[in-house]
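Notes follow once the structure below has been shown.
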Amino acid sequence: MAAALCSASPAISAAAAAALGAAARRLRVRVRAASRPYCAAPAPPRAAAAVGAQSWRARRRFAASAASTTTEEEEEGAGAEVMIPPDNRIPATIITGFLGSGKTTLLNHILTAHHGKRIAVIENEYGEVDIDGSLVAAQTAGAEDIMMLNNGCLCCTVRGDLVRMIGELVDKKKGKFDHIIIETTGLANPAPIIQTFYAEDTVFNDVKLDGVVTLVDAKHARLHLDEVKPKGIVNEAVQQIAYADRIIVNKIDLVSEPEVSSLVERIRSMNRMAHLKRAEYGKVDLDYVLGIGGFDLERIESASHMTTTQGMNINMTMNTIITTIITMTMNTNMVSMVRRTDHHAHDHTHDPGVSSVSIVCEGEMDLEKGVHDIFQGSPERMWEPNEPRINKIVFIGKNLNGEELEKGFKDCLLKK
Ligand SMILES: Nc1nc2c(ncn2[C@@H]2O[C@H](COP(=O)(O)OP(=O)(O)OP(=O)(O)O)[C@@H](O)[C@H]2O)c(=O)[nH]1
């Protein structure tokens with residue numbers, strides 16, 4: 001997880017463009033894999049959320065009566081709740097969505113837009129390679145600091161780290177940013193993250209959850225939504241939709257209109273209350289995702305109920321995520337190597353247990369990310385003159401065999 005403070009002023013955007021230009025003088029390749037156990041999650045979301053909601057309401061009422069001038073009327077209990085003081089807590093937005101759905105793309109769209117907000121970013125990453133952290137940092141010259149935390153998921157103990165990170169931001173940077181954005185991993189169940197904003201006093205007192213924005217990959221969502229999980233295992237893709245305030249059906253350029261419509265219908269059956277937009281490359285108006293005005297816990301509870309009654313599994317037990325990082329030192333162009341091994345990636349990414357072979361190649365000004373069998377490139381940076389040519393492939397998935405993957409890729413290296 002990385003936290004970065006970013007401004008989206010025009011000047012900063014220009015600096016970001018310059019930084020990108022400088023970055024393009026080097027080469028780097030990163031690919032994503034990883035293997036770290038997902039931790040067991042706490043209480044079921046509805047129950048946990050309800051506890052959070054109750055204590056939230058209780059505290060808001062307490063704050064109201066503490067701040068108001070006592071009158072006879074109030075002593076009798078009338079009108080006390082009307083005088084709630086303004087809520088000046090810092091708004092926070094959770095961006096979630098399955099692997100490769102376009103979370104980082106949306107985040108960069110937000111950070112480079114001219115909304116005048118100073119935004120602190122918290123990135124949740126798998127494994128030891130902070131791909132998204134550096135992608136975001138590369139595009140935001142306004143970053144004041146980056147904190148890394150690579151524990152894989154924002155639940156259980158890692159939630160403690162989120163609490164600490166928010167605490168640190170508030171303690172050290174209060175007044176220097178207006179909004180916090182948290183980008184979760186693609187395999188995160190948002191429920192425990194949401195719960196953090198209600199159950200943790202240190203967060204609750206200074207930060208309010210503004211909204212949950214869920215990206216849905218128009219091309220691959222069905223695969224994830226259809227995945228039948230073992231009993232007691234949560235389907236994260238379902239959770240991400242059920243808990244959303246705003247849904248962005250992204251990547252509509254990759255599918256036909258009827259496919260998008262049928263997906264939208266399906267999403268609607270899972271969460272009727274969220275606003276929904278279709279998009280390419282996460283391009284939505286910023287007021288659609290920022291300043292939503294408060295996460296509605298009661299609405300989400302009813303959305304969860306709706307999901308449950310449809311027979312979907314939304315309990316909180318986490319899957320075991322195996323992540324694998326393969327590091328290779330070589331002169332070979334990683335991009336072409338990966339392309340030559342497409343059948344390999346294809347096999348794995350069509351296994352419902354393996355959702356993403358995200359590949360970021362720092363090779364030839366080319367940054368490569370793969371979701372299922374689609375690989376796309378975008379310019380990154382050139383190698384520094386004396387920079388060791390180390391390429392990393394990071395896979396995120398379940399039941400991965402790291403040794404087999406590593407051997408398969410290394411067998412593809414050109415032999416002299
Ligand atoms: N064709 C197409 N590609 C997109 C769109 N949005 C994002 N992408 C590409 O999809 C890939 C994954 O996008 P990301 O923004 O990294 O997705 P993510 O959800 O952050 O991915 P993870 O962090 O791996 O979960 C990148 O290569 C993007 O350029 C879109 O609307 N259409």
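Ligands are counted one by one from 1 in listed order, and the atoms in each one are counted from 1 as well.
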[X] near ligand 1 by a heavy-atom separation under 4.0 Å:
{"X": "E183", "value": "yes"}
{"X": "S101", "value": "yes"}
{"X": "G97", "value": "no"}

Note: K174-D206 ion pair, threshold 4.0 Å (strictly below):
yes
D217/R222 salt bridge by N-O under 4.0 Å criterion:
no
So is R89 actually on top of F204's ring, under 6.0 Å and inside 45° of the axis?
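Yes - R89 lies over the ring of F204, closer than 6.0 Å to its centre and within 45° of its axis.
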For the side-chain hydrogen bond (donor to acceptor under 3.5 Å, both in side chains) test, which of T214, T184, N189 pairs with T96?
T184
Which option wins on minimum heavy-atom distance to atom 13 (O) of ligand 1: L99, T105, T96?
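Among L99, T105, T96, the closest heavy atom to atom 13 (O) of ligand 1 belongs to T105.
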Restricting to salt bridge (Lys or Arg N to Asp or Glu O under 4.0 Å), what partner residues turn up for E265, sequence neighbours left out?
none
Of all the atoms in ligand 1, which lie at a distance below 4.0 Å from a heavy atom belonging to [X]?
{"X": "K103", "result": "15 (O), 17 (O), 18 (P), 19 (O), 20 (O), 22 (P), 25 (O)"}
{"X": "G100", "result": "12 (C), 17 (O), 18 (P), 19 (O), 21 (O), 22 (P), 24 (O), 25 (O)"}
{"X": "G102", "result": "13 (O), 14 (P), 15 (O), 17 (O), 18 (P), 19 (O)"}

Return yes or no for this condition: an N or O of G282 is under 3.5 Å from an N or O of ligand 1.
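N/O-N/O distance under 3.5 Å: no.
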May I ask you to check whether I252 has an N/O atom sitting below 3.5 Å from an N/O atom of ligand 1?
no
Does any N or O in the side chain of D210 come within less than 3.5 Å of the main-chain N or O of I292, such that one atom is a donor and the other an acceptor?
yes
Strictly distance-based, threshold 3.5 Å: is any side-chain N or O of H109 a donor or acceptor partner for the main-chain N or O of V284?
yes
So for L254 against ligand 1, with non-hydrogen atoms under 4.0 Å, the contacting part is side chain
